[in-house]
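Below, all heavy atoms of this structure are taken into account, side chains as well, without hydrogens, waters or symmetry copies. Note that the coordinates shown come from a computational prediction; the quantities given were computed from them, not determined experimentally. Every chain is numbered from 1 and lettered A, B, ... according to where its sequence line falls, protein lines coming before strand lines.
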Amino acid sequence: MEETLIEEGESNREGGEVSPALIAVHPLEKSLAVSIGSELRVFDLIEDCSISLVDDSGGPLHSDSIRAICFGANGKLFASAGDDKLVKVWTTNPWRCISTVIAEKRVSAVAISHDGLFVSFADKFGVVWVTGTDGDHEAKEKASPLFGHYCSIITSLEFSPDGRFIVSADRDFKIRVTVFPKNPFSGAHEIQSFCLGHTEFVSCLSFVCTQEHPQGFLLSGSGDSTVRLWDVRSGSLLDTCEVGSEAGLSECDGKEENVCPAITDICTSADGSIVAVGIQSLHGVVLLSCDLSARTLSVIKLVSMGGTFVPTSLDMSSSAERLWMVTGASNLPALDCPSFTRLRVISGLKKCGSDSSDYEPAVVEDNEIPGGMKLIEKLQGSGSNAKEEDLLAVAEAVKAAMRNQLIKRQYSVEKRELRKKRRNDRKIKI
Amino acid sequence: MSLVYNRVDHGRENIQTLIFYLNNALFFVCNFILQDFTTLHYDLLISKLLTMSENKKVKTKANNSNGLPRKRFYRARAHSNPLSDSHFPVPIAPSQVDYSIHYPYYYHPDTTIDDNEVTSNDSTLIPCKTRSKKIQFADIGCGFGGLLISLSTLFPETLMIGMEIRDKVTEYVKERILALREANPGQYQNASVVRTNSMKYIPNYFEKGQLSKMFFLFPDPHFKEKNHRRRVISPHLLDEYAYTLEVGGIIYTITDVEELGEWMKDCLEDHPLFEAISEEEFATDPVVKLLSSATEEGQKVARNGGQTFTAVYRRISPIETELGIHEV
C-alpha cells in the first residue's frame, strides 16, 4: 500500500523521459529544423536539399533529448540544447557548429539575443546562463550565470524585441522580466517586473509587436489553459484569453482531478497580426488576434487538422505565409517505433486580421509543402508512416510527460506523512 | 518489583519479613499474569490517559497569567526544506494578499467596500486614508516573532509581516500577536505573520520597491556545500530582495555562525544593488540593537556568551551602480 502510494507518478521515469518533437523556422524561411530525441534534422528550403550537420568545433554531438531549439532574429545563428547538458550554437550559412557549451544541469530553454552577440540558456535548477558568440575560443565555450529563479524549472526564455529585457517563465507560475545588461557576464541583477496571474505552470512565451508598438507586448501560455497578454515594463496583466474553453475543451472530463489542457506553444507573426496557439487535446491550432491599441486578445478561428494531430511545437517565418507544425515524441514507451514525428503546414494566414470573414486558412497537403516529399522524408524520418492511434498515443504520452515534469504535486496529509517516513538518507542506493 | 526481589536475594531480614515479602512477590506475580490477560485493556487505558493529557495541553496552550501562548507546545524541527513543492496557499499576485485578515484594525472587511463612508460605527476604525497602507517591513524567517513584537511598538505606524515556513511556529506567532492585541488594546495591530516559503514567493507578496526594511535573523546555516543553494541569502535571491526593497531600503542580517556571516557579507558586498551602511548609521540605528536582543535566537546566543555577525546593507539605485562600474 505504501509503495503504490509513493511510486505512482514516479514509475515512468525509467528509460528516458518522453520528449516532444520541436520545430524552428528560419525567420526568412530559408531553412527548417526539427528535433526529435537527440536527433536534429535540418532542411534547406532555398537549395531544396537536406543538410547533414557538420561539427568541426570538436565538441560532442547531442546524445540525449533536445529540449529547446531556436533561430536568432536575423537567422544567422541557431542554437540547440537539451537533457545531455550540451548547448550547441550553429551558424546557418553554411550549417556549422561554432561552439559547444557544457552546462552543469539539463537545459530546458535557450534564446539568442537580437544582436546575435549572446546565447542565453536556462537549466532545470532555475539558473539562466549566458555565453558569447564571438570572441576567442575560450570565451565561447564558457557560460556565466546571469540570474536565477529559485530552484524552479525554467520553461521558456525570450528576449524582448528592443533587446532591453530577457524574460523567463517557470513552473512556479512566474514570469520574470530582467533588464539585460550591457555586460551580461557579471550577471543581470535588476528585475524590471514580475508578470503574475497564471494559476499553473507557464509553458511558453512569445513577444508580439507592431509598427505602432515596437517595444512589444508579451504573450504567455500556461497549464491553466489561458493565454495572457502582458506589459513587461510594469508587469501588468492586460488581457486573458481562456483558450481552453473557447476551443470547447473546457468540459474537463471528470476522470482525472479536472485537468485543464495546457497550452503547449505560441507563435506570433512578425507584424503582430496573428497568434497561433497549440493546446493539448486539440487536434489543430487556435488562431488569436491581438489588438495592441485596445490591449485585447480574441479568438478568431479554430483550425482543425482533421484526424488526430495535436501539435507539440509550432513556428512561422517573419513573412508569416505558412504556419509549420510538428507533432511527435521520442522515448515512447509502448509503441513499435520509439520515436515518431509528423509535420503539417497551414497556409493562407496572410489575409487574416484585416478581414477575417472571407479568410480561410488551409491545411496544406504533404506533396504541396515547399520542399515537397523530400522535405517530409527528411524531417519526419523513417518511422513516419504511423497510424492514427499512434498519433493519439503520442499526444497522450507528451501530455503525461509535461504534467509529470511541470505540475505541482499535491499530496494528501497521509501521503506527506508516508513520504516523511521514507527519508532520502534511508533509501537503498542501487 | 525489582526492589522486592533484591531484598529477597539479599535476605538479611528475619523469616517473618521474608514471608511477608514472598507474599508480596506472589501478589506481584499474580498481577503480572492478570496483566497479561488484560494487556489490551491496559493499552486502551494508556491511550485514553494520553488523549486526556493531550486535551489538557490544548486547554493550557495559553499561559493563564498573561494569555500568551506557551512556546513549548509549538516547538518544531529547526530545518525545513525550501526546495519542496509547497502545499499551503500562495497569493497569485501582491494585489491578492488579503490585508483584512492580517490587519483588521486598518483594513476592516466591511468598510473597504464603500470607501467614501468614513462614518463608521466602530470606534476603533481608522479613517480610510490609512487603508492604502502597504506592508513595509518583512521579517524573513521570523521564528517565534521576537523581533516583530519589538518592532511593532517601535514603529507603531508601519505595517510589518513575519514570514515563516514552519507551520507550528507560524501558529505560535499568530497566537502571540492575537494575545498581545487583546491584552494591549490599540497596540500590535500593525504586526502579522504568514506561513510561506519566502525564497520562492516573495514576489507574490510584495510589489516592486514596496519594502523599506527586510530582516534575515539567524537563518539556517546549511553548512554542506551541496546545500548552499538552500541558504536564504544567496547571489540570485538578492536580486529578488533588491526588487522588493525601495531604493534606500535596508536589509539586516545577523547570525551566530561565522562561516555564514562571512557568506552573507560577501554576497551583499558583491551585489551591485547593495552597499554597506556607514559606521555612524550602524551605531545610531535603533533597529540594529534589536537584531541581537529582541529575538529568541539572539537571546540564546547572548546567554551562552556566543558571538554574532551582523551585516546591514542599503539598497541603492541601479544608475549609481552603472556609474560605479564605469568608474572602476
Side-chain angles (χ1 to χ4, degrees), chain A residues 104-105 125-129 144-153 168 170-179 181-183 186-201 222 224 228 230 233-237 406-413 415-416 419-420 423-424, chain B residues 77 80-97 167 197-209 227 229-232 234-245 247 267-268 270-274 315-322 324-326 328:
Chain A
E104 283 179 21
K105 311 284 181 197
F125 280 58
V127 181
V128 178
W129 303 78
S144 55
L146 194 61
F147 61 90
H149 286 227
Y150 190 71
C151 297
S152 180
I153 298 170
S168 47
D170 70 18
R171 70 179 281 254
D172 280 329
F173 319 172
K174 282 200 200 80
I175 300 167
R176 170 173 155 162
V177 183
T178 313
V179 175
K182 291 244 162 22
N183 172 23
S186 54
H189 301 287
E190 198 191 342
I191 301 171
Q192 178 67 25
S193 65
F194 280 97
C195 301
L196 301 171
H198 280 297
T199 53
E200 265 300 338
F201 61 87
S222 152
D224 62 9
R228 292 177 201 244
W230 309 90
R233 268 143 222 87
S234 62
S236 50
L237 175 64
L406 297 176
I407 208 98
K408 286 213 168 187
R409 288 175 229 291
Q410 294 293 347
Y411 301 104
S412 60
V413 180
K415 244 180 177 177
R416 279 212 302 276
R419 288 179 79 87
K420 271 188 205 167
R423 274 166 33 187
N424 246 345
Chain B
R77 195 170 166 269
S80 190
N81 181 7
L83 309 177
S84 63
D85 277 352
S86 34
H87 48 268
F88 42 80
V90 175
I92 292 294
S95 58
Q96 290 182 21
V97 179
D167 195 17
N197 180 353
S198 57
M199 293 164 83
K200 280 192 175 214
Y201 302 117
I202 280 248
N204 295 60
Y205 281 91
F206 310 115
E207 290 162 12
K208 189 180 189 177
N227 282 340
R229 67 197 176 107
R230 298 181 187 208
R231 285 180 171 171
V232 73
S234 67
H236 289 321
L237 281 173
L238 278 179
D239 296 346
E240 282 186 25
Y241 304 151
Y243 164 82
T244 47
L245 273 174
V247 172
C267 286
L268 283 159
D270 293 343
H271 201 281
L273 297 179
F274 289 102
R315 161 81 153 91
I316 49 177
S317 85
I319 301 113
E320 283 171 40
T321 58
E322 198 98 314
I325 286 165
H326 284 303
V328 173

Do [X] and [Y] touch side chain to side chain, with heavy atoms closer than 4.5 Å?
X: A:D172; Y: B:Y201; value: yes
X: B:E240; Y: A:F147; value: no
X: B:V90; Y: A:F173; value: no
X: B:P94; Y: A:L196; value: yes
X: B:D239; Y: A:R176; value: yes

Distance check, rounded to the nearest 0.5 Å: [X] atom [atom1] versus [Y] atom [atom2]?
X: B:Y243; Y: A:Q192; atom1: OH; atom2: CD; value: 9.0 Å
X: B:I92; Y: A:D224; atom1: CD1; atom2: CG; value: 8.5 Å
X: A:K174; Y: B:N204; atom1: NZ; atom2: CG; value: 5.0 Å
X: B:R230; Y: A:C151; atom1: CZ; atom2: SG; value: 8.5 Å

If you apply the rule side-chain contact (heavy atoms from CB on, under 4.5 Å), what do you find for B:F274 with A:H189, and how did you get there? CA-CA 11 Å; B:F274 289 102; A:H189 301 287; over 6 Å; no
Heavy-atom pair of closest approach, residues A:G148 and B:H236: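 It is N-ND1, 3.4 Å.
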How close do B:R229 and A:Y150 get, heavy atom to heavy atom, and via which atoms? O-OH, 2.8 Å
B:K208 side-chain N/O to A:F194 backbone N/O, donor-acceptor pair under 3.5 Å: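 Not confirmed, B:K208 side chain does not pair with A:F194 backbone.
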With a 4.5 angstrom heavy-atom cut-off, which part of A:V179 approaches chain B: side chain, backbone, both or neither?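 Nothing of A:V179, per the 4.5 Å heavy-atom cut-off to chain B.
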